[in-house]
Amino acid sequence: MSEETFFALWCYNPYMRVLITGGTGFLGIPLVTHLQKLGHEPVLLVRDPAAATKKFERPPELHAWPKPDDSIPAGALRAIDAVVNLAGE
């Protein structure tokens with residue numbers, strides 16, 4: 001996929017499911033909130049879903065991923081349009 005095509009899809013797709021690692025951190029929380037305001041659906045891989053829920057006014061879809069060495073839960077990958085990696089560890 002060309003850079004132009006990717007940019008066009010990212011900017012003009014009215015609805016995207018975006019998988020995010022590091023979504024509860026310094027950059028992740030504002031990104032999740034912004035994506036929600038634009039009508040997109042953030043999907044987060046988190047260590048502790050219960051703790052992550054408390055960080056958001058409108059909690060996004062959360063999937064437990066306690067160790068990055070483990071496989072990503074299959075449900076988290078369903079119909080994903082884009083991936084953002086903000087994991088710091």
Side-chain angles (χ1 to χ4, degrees):
M1 176 183 311
S2 73
E3 185 176 334
E4 291 83 16
T5 302
F6 176 80
F7 184 74
L9 288 172
W10 179 260
C11 291
Y12 301 109
N13 189 345
Y15 170 81
M16 293 180 70
R17 283 178 52 87
V18 182
L19 182 68
I20 304 171
T21 63
T24 60
F26 180 74
L27 296 175
I29 292 172
L31 174 64
V32 169
T33 303
H34 186 68
L35 288 172
Q36 288 175 325
K37 285 179 184 174
L38 292 175
H40 300 297
E41 184 179 354
V43 178
L44 276 59
L45 295 175
V46 298
R47 291 186 195 126
D48 182 357
T53 299
K54 297 174 186 174
K55 295 188 177 202
F56 298 97
E57 185 176 315
R58 272 183 33 218
E61 182 179 329
L62 303 170
H63 292 271
W65 194 39
K67 292 188 243 174
D69 294 340
D70 292 345
S71 296
I72 295 173
L77 299 174
R78 180 183 50 79
I80 292 297
D81 298 301
V83 176
V84 177
N85 180 15
L86 299 174
E89 293 181 32

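Remember, it's a predicted structure, so these values are computed and weren't measured experimentally.
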Between [atom1] on residue [X] and [atom2] on residue [Y], distance to nearest 0.5 Å:
X: Leu38; Y: Met16; atom1: CG; atom2: CE; result: 11.5 Å
X: Leu44; Y: Leu86; atom1: CG; atom2: CG; result: 9.0 Å
X: Arg78; Y: Glu61; atom1: CZ; atom2: CD; result: 5.5 Å
X: Trp65; Y: Ile72; atom1: CH2; atom2: CD1; result: 4.5 Å

Would you say that [X] contacts [Y] through its side chain, given a criterion of any heavy-atom pair below 4.5 Å between the two side chains?
X: Pro60; Y: Leu62; result: yes
X: Thr33; Y: Pro42; result: no
X: Leu31; Y: Val18; result: no

Identify the two heavy atoms, one from Ala76 and one from Leu45, that lie closest to each other, and give their separation to 0.1 Å.
-> CB-CD2, 3.7 Å
Closest non-hydrogen atom pair, Pro49 against Arg47 =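 In terms of heavy atoms, the two residues are closest at CD-O, 3.8 Å.
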Residues in side chain to side chain donor-acceptor pair (under 3.5 Å) with Glu41, at least two apart?
-> Tyr15, Arg17
Partner set under side chain to side chain donor-acceptor pair (under 3.5 Å) for Thr21, not counting sequence neighbours |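 Expected list: Asn85.
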For residues 22-29, please give each side-chain donor-acceptor pair under 3.5 Å, one per line with the distance, not counting sequence neighbours.
none

